[in-house]
K.L.:
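First, the structure itself, so that you have it in front of you.
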Amino acid sequence: ISKTANVTGIVFVGDEVTFIVNITNNARVNATIVNVTDAVPTGFEFVRTNASGYDNKTGLLTIPVIKAGESYVLAITLKALTNGTLTNVVNVTCNENDTVVNTTADVNVTPVVILTVEKTADSDDATIGDVITFTITVTNNGPSNATNIKVKDVLDEQGFKLVNGTLESVIPFIASGKSATVVVKVVTTANGTYMNRVNVSCDQNDT
């Protein structure tokens, strides 16, 4: 048996990968009741297959016969749910040879983190000496978890002075689909219109 993945380059979380298993009978007699076990491994989700008899719960496919010198090709498409090196294993036996033959295929999956950031102020009109509270909300819209999210607040120092919070902070973890907030308080120090900007990045996405 041989097993390959149809993707050899970068695979991202959420991508589909098709594993192709080629089972060849190299003997001079037919192989009967060929049991193929290719369970969906942790980190993947079943999508589809070319084999009508494949059970995606157990990973079992029984092929009644593979004639001498012929091959059977099984294709299973899975969706990558998590990052890391994901391994897919296939085992094969038949009536004429109950020795388990197996092979594996590895896929390296890259995490996908899509960060959005929203910043609000509790007031957009103030006088000198007023305290303004800025609330920064960082949301992870990607399918992967985000780690070490760096939040850098850039004050316009001509009009603001920090009184509470920190201008550079790190949020250790934001799960997929979740949000976290950072609060910064400043006092107004001059007349005019001033801007407060925030930059956000993380381990998985340095944009």
Side-chain angles (χ1 to χ4, degrees), residues 5-19 40-48 56 77-88 105-207:
N6 70 327
V7 180
T8 57
I10 297 176
V11 177
F12 292 101
V13 171
D15 285 353
E16 292 184 0
V17 180
T18 299
F19 292 97
V40 178
T42 301
F44 284 111
E45 177 183 76
F46 176 78
V47 179
R48 60 184 173 273
N56 61 28
T77 300
L78 307 176
K79 180 179 179 180
L81 300 179
T82 187
N83 56 285
T85 300
L86 305 182
T87 299
N88 190 215
D106 292 336
V107 174
N108 294 314
V109 182
T110 301
V112 176
V113 170
I114 303 169
L115 296 179
T116 58
V117 58
E118 180 184 10
K119 187 169 197 176
T120 58
D122 63 348
S123 173
D124 57 6
D125 189 11
T127 59
I128 294 175
D130 285 354
V131 174
I132 305 294
T133 299
F134 291 105
T135 301
I136 302 162
T137 303
V138 183
T139 302
N140 177 10
N141 295 297
S144 304
N145 296 329
T147 56
N148 293 321
I149 301 93
K150 300 174 182 64
V151 180
K152 184 176 181 180
D153 198 283
V154 183
L155 288 181
D156 189 331
E157 295 182 352
Q158 291 183 339
F160 296 130
K161 180 181 178 181
L162 181 70
V163 293
N164 190 269
T166 179
L167 297 181
E168 294 189 26
S169 58
V170 176
I171 303 169
F173 181 85
I174 302 179
S176 171
K178 300 298 183 179
S179 301
T181 59
V182 175
V183 175
V184 175
K185 292 187 177 184
V186 301
V187 63
T188 57
T189 58
N191 292 322
T193 299
Y194 301 102
M195 182 180 295
N196 186 6
R197 188 176 70 254
V198 61
N199 301 321
V200 178
S201 63
C202 67
D203 285 346
Q204 295 77 17
N205 188 349
D206 60 3
T207 303

K.L.:
Taking it one step at a time, do Asn140 and Leu115 satisfy side-chain contact (heavy atoms from CB on, under 4.5 Å)?
P.N.:
CA-CA 5 Å; Asn140 177 10; Leu115 296 179; 4.2 Å; yes

K.L.:
So, taking the atom named NZ in Lys152 and the one named OG1 in Thr166, what distance separates them when rounded to the nearest 0.5 Å?
P.N.:
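Lys152 NZ to Thr166 OG1: 11.5 Å, rounded to 0.5 Å.
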
K.L.:
Just verifying a value: how many Å separate Phe44 CZ and Thr77 OG1, rounded to the nearest 0.5 Å?
P.N.:
11.0 Å

K.L.:
Evaluate the side-chain proximity of Glu16 to Val11: yes if any heavy-atom separation is below 4.5 Å, no if none is.
P.N.:
no

K.L.:
Should we say atom CD1 of Ile10 is surrounded by more than 12 heavy atoms from elsewhere, each under 6.0 Å from it?
P.N.:
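Not more than 12 within 6.0 Å, no.
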
K.L.:
Sorted by first residue and then second, give each side-chain hydrogen bond (donor to acceptor under 3.5 Å, both in side chains) pair with at least one member in residues 173-187; sequence neighbours left out.
P.N.:
Thr139-Ser179

K.L.:
Can you tell if the side chain of Asp15 reaches within under 4.5 Å of the side chain of Val7, non-hydrogen atoms only?
P.N.:
no

K.L.:
What pair of heavy atoms forms the shortest contact from Pro111 to Phe12, and how long is it?
P.N.:
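Closest pair (atom of Pro111, atom of Phe12, distance): O-CD2, 4.2 Å.
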
K.L.:
Hey, which of Asp130, Ile132, Thr188, Thr133 is the one that makes side-chain contact (heavy atoms from CB on, under 4.5 Å) with Ser123?
P.N.:
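Single pass found, and it is Ile132.
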
K.L.:
Has Asn205 got a side-chain atom pairing as donor or acceptor with Val113's backbone, closer than 3.5 angstrom?
P.N.:
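Looks like yes, one N/O pair under 3.5 Å.
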
K.L.:
Before giving the answer on side-chain contact (heavy atoms from CB on, under 4.5 Å), spell out for Leu167 and Leu155 the whole-Å C-alpha distance, their side-chain angles and the decisive distance to 0.1 Å.
P.N.:
CA-CA 8 Å; Leu167 297 181; Leu155 288 181; 3.8 Å; yes

K.L.:
On a heavy-atom basis, which atom in Val13 and which in Ser144 lie closest, and how many Å separate them?
P.N.:
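Smallest heavy-atom distance, with atoms named: CG2-OG, 3.3 Å.
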
K.L.:
Can you name the closest pair of heavy atoms from Thr189 and Phe160 and give their distance?
P.N.:
OG1-N, 3.6 Å

K.L.:
Are any non-hydrogen side-chain atoms of Val200 and Ile149 less than 4.5 angstrom apart?
P.N.:
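A side-chain contact exists here, since the closest heavy-atom pair is under 4.5 Å.
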
K.L.:
Apply side-chain contact (heavy atoms from CB on, under 4.5 Å) to residues Val154 and Asn199 and explain how you reach the verdict.
P.N.:
CA-CA 8 Å; Val154 183; Asn199 301 321; 4.0 Å; yes

K.L.:
For Val47 and Lys79, work out which heavy atoms get closest and say how close.
P.N.:
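Looking at all heavy atoms of both residues, the closest pair is CG2-N, 3.7 Å.
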
K.L.:
With a cut-off of 6.0 Å (strictly less than), are more than 12 heavy atoms of other residues, nucleotides or ligands near NZ of Lys161?
P.N.:
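Atom NZ in Lys161 is not packed in, count stays at 12 or less.
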
K.L.:
Quick check for you: to the nearest 0.5 Å, what is the distance between Asn145 atom CG and Thr82 atom OG1?
P.N.:
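Here the interatomic distance stands at 7.5 Å.
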
K.L.:
Testing the 3.5 Å rule here: is there a donor-acceptor pair between the side chains of Thr116 and Asn141?
P.N.:
yes

K.L.:
Can you tell me how far apart CD (Gln158) and CE (Met195) are? Round to the nearest 0.5 Å.
P.N.:
12.5 Å

K.L.:
Would Lys119 and Phe134 count as a cation-pi pair here, with the cationic atom under 6.0 angstrom from the ring centre and within 45° of the axis?
P.N.:
yes

K.L.:
For the residue pair Thr137 and Val117, establish whether any side-chain heavy-atom pair is separated by less than 4.5 Å.
P.N.:
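No, too far: nothing below the 4.5 Å cut-off.
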
K.L.:
Identify the two heavy atoms, one from Thr85 and one from Asp106, that lie closest to each other, and give their separation to 0.1 Å.
P.N.:
CG2-CB, 4.2 Å

K.L.:
Do you see a donor-acceptor pair shorter than 3.5 Å between the side chains of Ser201 and Asp206?
P.N.:
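Result is no, nothing qualifies.
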
K.L.:
Leu78 vs Val17, test: side-chain contact (heavy atoms from CB on, under 4.5 Å). Steps then yes/no.
P.N.:
CA-CA 5 Å; Leu78 307 176; Val17 180; 5.6 Å; no

K.L.:
Do Thr147 and Gln204 get their side chains close enough for a donor-acceptor pair, meaning under 3.5 Å?
P.N.:
yes

